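Shown next, in structure tokens, is the structure this report addresses.
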Amino acid sequence: MANLPPLRLLLTFDAVCRLGSMQRAAQSLNVTPPAVTQAIRALEQEIGVCLLDRSAKPAVPTEAGERISRAVRNGFALIEDTIAETRHAAGVSDHRLTLCCTLGFATYWLMPRLSDFYARHPDITVNVHAPPSDQPVLSTGLDVAFRYGRGDWTDGRTWKLFDERACPVARPDVIAEARKAGELEEAVLIDVRLGSPHLWDSWSDYFAQRQIRRSSRPGHTFDNYVQAVQAALDGRGVMLGWQSITRKLVDDGALAAWPEGVHDFGTAYFVTCSHGALKKKAAKAFVDWVRRQPAH
């Protein structure tokens with residue numbers, strides 16, 4: 001044990017390899033990017049080899065880095081599995097649930113409903129993880145995942161919750177001003193750019209499917225939907241709003257929808273329960289409850 005590097009350095013290196021960039025690792029660990037860079041260099045000095053190929057953008061693990069990464073991941077997985085088994089033996093896991101979903105879904109759809117679940121199941125604790133990559137994955141230790149797409153996951157049992165729709169939204173005065181000025185494509189647009197360009201449909205997809213030519217007018221770009229919604233509420237432009245996130249804001253009058261702007265990309269929201277959690281009391285109760293929830 002005396003020859004092991006500090007756990008903090010190993011955790012940082014694992015986050016970089018798992019998330020694919022130092023920037024995302026910094027967000028996940030709630031530290032600055034320079035702190036991640038410093039930790040990786042300290043780990044390389046501890047081990048005596050280069051772990052990242054920095055000539056690639058973003059940096060990728062070297063052959064030695066891949067070996068270390070696998071060992072660290074396997075070690076953490078063993079620890080997580082052992083803790084889960086210990087909790088299960090003690091009966092703790094039957095009253096605890098860990099789920100993952102996007103930040104926007106957690107903020108605008110899930111959290112306002114959780115009080116109803118707690119009222120029905122006061123003995124169950126729900127832990128919510130929102131990965132900075134906005135790509136919920138059922139990794140070790142996670143019981144349930146909310147995901148957007150077409151339902152083609154195989155890492156658990158999946159149920160469809162509701163069809164998702166997109167519609168341009170903005171503050172009512174911004175919508176009115178944009179309509180006076182011309183067409184939607186001429187408005188100042190609020191974009192959300194995520195790590196995977198194919199995970200979420202974007203303004204480019206919206207205009208392409210509606211056969212509209214997008215203008216080159218500059219807009220605003222954010223890396224999650226919570227920031228984009230706030231920008232729309234501040235009157236900074238028009239965002240492509242997902243109804244699970246923006247429907248209540250439209251109903252309350254804080255935002256307005258572009259007339260006849262609703263578009264169906266053929267996608268939906270799903271809930272997946274991991275194979276290991278299917279027998280847990282907490283997971284079963286939560287999935288049964290969430291499947292009864294209205295879409296909006």
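Since this is a predicted model, take the numbers as computed values, not measurements.
In the displayed structure, Arg157 atom CZ is contacted under 6.0 Å by at most 12 heavy atoms of other residues, nucleotides or ligands. Taking a 6.0 Å sphere around CG of Asp251, one finds it holds more than 12 heavy atoms contributed by other residues, nucleotides or ligands. Taking a 6.0 Å sphere around CD of Gln38, one finds it holds 12 or fewer heavy atoms contributed by other residues, nucleotides or ligands. No more than 12 heavy atoms of other residues, nucleotides or ligands sit less than 6.0 Å from atom CZ of Arg179.
The cluster map of Ile, Leu, Val, Met, Phe, Trp and Tyr, joined by side-chain heavy atoms under 4.5 Å apart, puts Phe286 and Leu138 in different clusters. Connection of Val60 to Leu52 is not established within any shared hydrophobic cluster, with ILVMFWY side chains joined at heavy-atom distances below 4.5 Å, either directly or through further cluster members.
For Tyr206 (side chain) and Gly261 (main-chain N/O), a donor-acceptor pair under 3.5 Å exists by modelled atom type.
Glu183 has no carboxylate O lying under 4.0 Å from a charged side-chain N of Arg210, or vice versa, which leaves the two without a salt bridge.
Ring geometry for Trp109 versus Phe146: interplanar angle of 30 to 60°, hence tilted.
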| message | Please determine whether side chain to side chain contact (heavy atoms under 4.5 Å, CB included) holds for the pair Leu255 and Leu233, giving the CA-CA distance in whole Å, both sets of side-chain angles, and the decisive distance to 0.1 Å. | response | CA-CA 7 Å; Leu255 295 176; Leu233 291 170; 3.7 Å; yes
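Taking the six-membered ring for Trp and the full ring otherwise, Trp242 and Phe265 have centroids separated by under 6.0 Å. Taking the six-membered ring where the residue is Trp, the centroids of Tyr269 and Phe105 are separated by under 6.0 Å.
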Output side-chain donor-acceptor pairs under 3.5 Å for residues 162-171, partner residues at least two apart or in another chain, one line each.
residue : atom : partner : partner atom : Å
Asp163  : OD1  : Lys160  : NZ           : 2.5
Glu164  : OE1  : Gln243  : N            : 3.4
Glu164  : OE1  : Ser244  : N            : 3.3
Glu164  : OE2  : Ser244  : OG           : 2.6
Arg171  : NE   : Asp173  : OD1          : 2.9
Arg171  : NH1  : Asp234  : O            : 3.4
Arg171  : NH2  : Asp173  : OD2          : 3.2

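One finds the CD atom of Gln45 at 11.0 Å from the CD1 atom of Ile47 (value rounded to the nearest 0.5 Å).
Each of Cys100, Pro136, Ser274 was scored for a side chain to side chain contact (heavy atoms under 4.5 Å, CB included) with Leu142, with one residue passing: Cys100.
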